[in-house]
Amino acid sequence: MKIIRAKDYADMSRKAANIISAQVIMKPNCVLGLATGGTPVGAYAQLVDWYNKGDIDFSEVTTVNLDEYRGLPKEHPESYWSFMHRNLFDKVNIDPAKINLPDGTNPDAEDACAKYNQIIHAVGGIDLQLLGIGHDGHIGFNEPGEAFELETHCVDLTPETIEANKRFFDGNVDLVPKQAYTMGIKTIMQARKVLMVANGAGKAEIIKKAFFGPVTPEVPASILQMHPDFTLVGDEEALSLI
Ligand code: F6R
């Protein structure tokens with residue numbers, strides 16, 4: 001486990017974008033596992049900036065996103081499909097045929113998840129998986145108590161996650177979808193590199209627990225202690241307790 005200390009959010013974003021950019025330069029046809037949420041937005045903006053300056057080329061890159069809400073149309077502004085297009089895909093030269101997210105519009109959970117697993121296997125697995133971390137230690141939508149050995153599956157979101165995400169749904173918990181399709185911990189652990197970004201004092205406690213406490217399904221991110229190539233880039237506040 002490597003921990004990189006960044007001064008602030010902008011510095012964290014730049015450092016994370018540098019690592020992603022290095023991956024794309026070293027292997028132009030790499031598979032990037034991507035995350036949504038507030039934390040990676042700055043890293044995506046930095047990548048777009050470098051793309052505009054001609055420093056990075058996404059034409060051969062394949063992407064697989066971590067998760068998607070079940071039941072939200074793709075075009076809904078809060079679907080992860082929309083989020084990714086808004087923040088990255090629409091702004092760089094990525095091939096739309098190489099963009100993959102779980103199909104939240106497929107009501108058949110088993111089918112949607114099986115198809116997503118097939119995609120991940122067919123592209124040869126993930127070269128670099130970007131992650132944020134939830135306050136309860138979730139990664140993707142793998143909530144506390146999830147088995148470590150799962151691939152893509154359907155999950156019920158916890159009340160805490162629904163509460164944390166209501167900011168994206170007019171502050172109304174009733175509008176937040178209650179289920180999602182998510183890559184499992186097994187899929188994440190099979191990524192050849194894992195990069196986590198974390199910022200803000202609100203993440204300090206869980207960062208300490210996840211990476212300096214016991215490895216347990218009660219803190220899903222703690223399994224990353226066992227990953228052979230895991231890097232955490234955090235700002236001073238997020239790393240303040242370690
Ligand atoms: C996003 C995801 C989530 C977030 C986590 C942290 O695709 O799967 O695990 O990474 O909820 O979210 P933020 O970055 O908003 O604190």
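Both ligands and their constituent atoms are indexed starting at 1 by order of listing. Computed over heavy atoms, backbone and side chain alike; hydrogens, waters and symmetry mates excluded.
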Ignoring hydrogens and angles, tell me if any N or O in the side chain of [X] forms a donor-acceptor pair with the backbone of [Y] under 3.5 Å.
X	Y	result
Asp170	Asn172	no
Ser13	Tyr9	yes
Asn65	Asp67	no
Arg192	Asp229	no
His76	Leu72	no

Just which atoms of ligand 1 are under 4.0 Å from any heavy atom in Leu66?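 Listed by number with element: 7 (O), 8 (O).
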Identify, by atom number and element, the atoms of ligand 1 in contact range of Arg167, meaning under 4.0 Å from any of its heavy atoms.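 With Arg167 as reference, the close atoms of ligand 1 come out as 15 (O).
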Protein heavy atom at shortest distance from [atom]:
atom	result
atom 12 (O) of ligand 1	Gly37 CA, 4.2 Å
atom 2 (C) of ligand 1	Asp67 OD2, 3.4 Å
atom 1 (C) of ligand 1	Thr36 OG1, 3.2 Å
atom 6 (C) of ligand 1	Ile133 O, 3.4 Å
atom 10 (O) of ligand 1	Gly132 CA, 3.3 Å
atom 15 (O) of ligand 1	Gly38 N, 2.7 Å
atom 16 (O) of ligand 1	Lys203 NZ, 2.6 Å
atom 5 (C) of ligand 1	His138 NE2, 3.4 Å

Between Glu68 and ligand 1, which part of the residue brings a heavy atom under 4.0 Å of the ligand: side chain, backbone, both or neither?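 Glu68 to ligand 1: no contact under 4.0 Å from either part.
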Who's closest to atom 3 (C) of ligand 1 heavy-atom-wise, of Gly200, Gly202, Gly140?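 Nearest option to atom 3 (C) of ligand 1, by heavy atoms: Gly140.
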Derivation of the side chain to side chain contact (heavy atoms under 4.5 Å, CB included) call for Tyr69 and Asn165: CA-CA 11 Å; Tyr69 289 117; Asn165 285 3; 3.0 Å; yes
For the pair Phe230 and Phe211, name the ring-plane relationship: parallel under 30°, tilted 30 to 60°, perpendicular over 60°.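 Because their plane-to-plane angle lies in the 30° to 60° range, the rings of Phe230 and Phe211 count as tilted.
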Give the ring-plane orientation class for His138 versus Phe141, where under 30° counts as parallel, over 60° as perpendicular and anything between as tilted.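 The arrangement is tilted - the two ring planes meet at 30° to 60°.
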May I ask whether His135 has any heavy atom positioned less than 4.0 angstrom from an atom of ligand 1?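 In this structure, His135 fails to qualify as a contact of ligand 1 - no heavy atom is under 4.0 Å.
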Close approach of Glu143 to ligand 1, heavy atoms, under 4.0 angstrom: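 So Glu143 does not count as touching ligand 1.
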Listed partners of Asn100 passing side-chain contact (heavy atoms from CB on, under 4.5 Å), at least two apart: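 By the side-chain contact (heavy atoms from CB on, under 4.5 Å) rule, Asn100 matches Thr62, Val64, Tyr116, Ile119.
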